[in-house]
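Worksheet for the structure shown next.
Here is the naming used below: chain letters follow the sequence lines, and residue numbers restart at 1 for every chain.
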2 protein chains.
Amino acid sequence: MKPTIKDVAKLANVSISTVSRVMNAPETVVETKRTRVTEAIETLGYRPNSLARGLISRKTGTLGVIIPDIRNSYYADLIRGMEDASKKLGYNLIICNTDSDKNRLISYLNNFYEKQIDGILLTSEPVYPDYYNELKRLKMPLVLVSTHSLEYELPSVKINDEQAAYDAVSYLISSGHKEIGMIGFDLSDSIAGLTRYQGFVRALREYNLEAVKKNIVYIHDWAENGEEAAQKLFQLAPELTAVFAASDELAIGLLSYLHENGISVPERVSVIGFDNIRLSRFTIPKLTTVAQPKYEMGVRSVEKLHRIISGEKDPILREYLPHEVVVRDSVKRR
Amino acid sequence: MKPTIKDVAKLANVSISTVSRVMNAPETVVETKRTRVTEAIETLGYRPNSLARGLISRKTGTLGVIIPDIRNSYYADLIRGMEDASKKLGYNLIICNTDSDKNRLISYLNNFYEKQIDGILLTSEPVYPDYYNELKRLKMPLVLVSTHSLEYELPSVKINDEQAAYDAVSYLISSGHKEIGMIGFDLSDSIAGLTRYQGFVRALREYNLEAVKKNIVYIHDWAENGEEAAQKLFQLAPELTAVFAASDELAIGLLSYLHENGISVPERVSVIGFDNIRLSRFTIPKLTTVAQPKYEMGVRSVEKLHRIISGEKDPILREYLPHEVVVRDSVKRR
DNA sequence: CATCCTTCTGAAAAGGTTTTCAACTTCACA
DNA sequence: TGTGAAGTTGAAAACCTTTTCAGAAGGATG
């Protein structure tokens, strides 16, 4: 049986209040007793029970994270940032994968509520009205990560996806490309899908290349294979000299397809990705891409949530972090 | 203020015992009251407080996972298996990254103890005596994942690393290669380092190729770049026709190095990896590798831990799951 | 010497649930 | 009509802490 505060009290021959004080405000107890208590704690190997503590203090020191899928290395980086920041601020993370399943999400939310989690980090899912209602009902501190909501007043941390996509495509155009295609996520995905498409179109329009905006193939699930999409794209528009892939994983599938079909990169076709995942440095050729500050976003979101939990005033509701085009070898000037 | 069981009781005009029974053993309460209570729960949006529940039941429905780094896609797959199995069995996961730092590990262990976690999943770290003492002191249910201990009687789930490495190298040899090299993890890593090295050596010895076992370069940190190691290796032994990389990430770095230096794969040099990570299907050329059943290992380890927690007899202390050589395009017969 | 402050301490309440126990109803059966 | 069993119910204890409150002890001040 685990030792409790009572056992310590008995061994040190003091009341449990005193033991509690030794742990939480040592300066208020006289030295003789304090050392007696400390020694008792030591010999028993006593550690306070967080459940009891949380019951009374209404704090659990735990944050709940909701992500689509941890296997996606984008989220892995994000979470690592969250974890490091959490450790610093004294939180633990409970991580739940939803596979973008609505029911799973709602079920996890309720689970968080029951567990008396201190706050929620909700990633990537667009905030649909029914989510919002559920969130509102639960009244728990919340930060949206790599997603945001323009309809509702919810705090968020992300990059500007539209601008980032615009910058990627502008980079292709300024490298002399005119026949440009895109592999993107479904437009119903208002974060990674629609916005990046909008950035793509805005860049084209600005350079009077709008005719080209039909050269696009959509993916409906992030785990889907970039190779197939690539095949469809080049069937649709064989004359392409450059492709913007809405994620590095897609870009890697695309690279694979092009290699299989003897189309050299970047000589014949240039490729630009999105996310800057770990392995994009090691593709052949090394992938040019637009980098999201994933780790940093994780850190910031936890700090933001912490501010909300502790009732500090949070200066900015919706935070946008800077992205960056990382130039490597997969785009050629022509 | 969140509604409590008292509020429900008052609204339904019954005692709190009855409310509790409605939730935990509905058949023992008469129908009229039961519906009254259910309705009250509904209108108040009541959800039981897990802290209070856990305090009395001595169960939190939470498992603690200790991993080196979630960004390593190997662990991400593992965790996904754990998560799915946990969901099924009614657990949540608290995930902690140690970066293989001893102090962090110990600190997390104590944190788990305080949080009254139901059990621990400890991955990859070899079990050093001081860990063992700590674990023993805490007396918490534990399963080792993708690591094991031969000194101590601890339950574990992993593959047979030595045999898997042996199979990888045998595959190279049976493909006609004699000049074989290896990029491996430091031998002080008794799981991914030493064992895979031993498998490498056993295969060489069996085919009388032992002279070649000096062709090896060690990596001291998984995040280290495979490219540098590749460079050292080919400086050491330029005549190599095949390389066994102890992880797919290393293999990808190696591929990148070879491409940079105009050494064609698999025509001039063959490469075999280890782990079968997601992206190994998309490298150029597609990577031949030995697959670990990562997801399955995650699932099995949670099931095993669950058995231990519920006091069921667990049939096998140390479980070894089957691996498999996945043949793709990076190894050429000669 | 009386009074007032400080400093230190323990008893008890509170936090929200589950579970035990005793008591009360109801019903079947003799 | 009486007896016992079965079915329901609520009061109270238990789980382990933190915190409030009042009291005791000691010192300083008038």
* Asked: In terms of heavy-atom contacts, does NZ of B:Lys2 have more than 12 from other residues, nucleotides or ligands at under 6.0 Å?
  -> yes
* CD/A:Glu312: more than 12 non-hydrogen atoms of other groups inside 6.0 Å -> yes
Distance, rounded to the nearest Å, where [X] contributes [atom1] and [N] contributes [atom2]:
X	N	atom1	atom2	answer
B:Lys6	D:dG10	NZ	C1'	15 Å
A:Arg47	D:dC16	CZ	P	17 Å
A:Leu55	C:dA14	CG	P	14 Å
B:Asn49	D:dC16	CG	P	16 Å
B:Leu51	C:dA14	CG	C1'	15 Å
A:Lys10	D:dC16	NZ	C1'	14 Å
A:Arg21	D:dC21	CZ	P	14 Å
B:Ile5	C:dT18	CD1	P	5 Å

For [N], take OP1 and OP2 only and decide whether either is under 4.0 Å from a side-chain N or O of [X].
X	N	result
B:Ser20	C:dT18	yes
B:Arg58	C:dT18	no
A:Tyr46	D:dC16	no
B:Lys33	D:dT9	yes

* Asked: Given that A:Ile16 and A:Thr32 both sit by DNA chain C, which one's nearest nucleotide is further toward the 5' end?
  -> A:Thr32
* Asked: Using a cut-off of 4.0 Å on non-hydrogen atoms, how would the nucleic acid contact of B:Thr4 be classed: base, sugar-phosphate, or nothing?
  -> sugar-phosphate
* Describe the nucleic acid contact of B:Thr18 in one word from base, sugar-phosphate, nothing, applying a heavy-atom distance below 4.0 Å. => sugar-phosphate
* To do: Look at the side chain of A:Ser17 and decide which nucleotide, out of D:dT17, C:dA12, C:dT19, has an atom nearest to it.
  => C:dA12
* Structure fact -> For A:Tyr74 and A:Ser146, the nearest pair of non-hydrogen atoms, with its separation, is OH-CB, 3.2 Å
* For A:Ile5 and A:Ser20, which heavy atoms make the closest approach, and how far apart are they? -> CD1-N, 3.9 Å
* Asked: Would a 4.5 Å heavy-atom cut-off, applied to side chains only, mark A:Ile66 and A:Thr98 as touching?
  -> yes
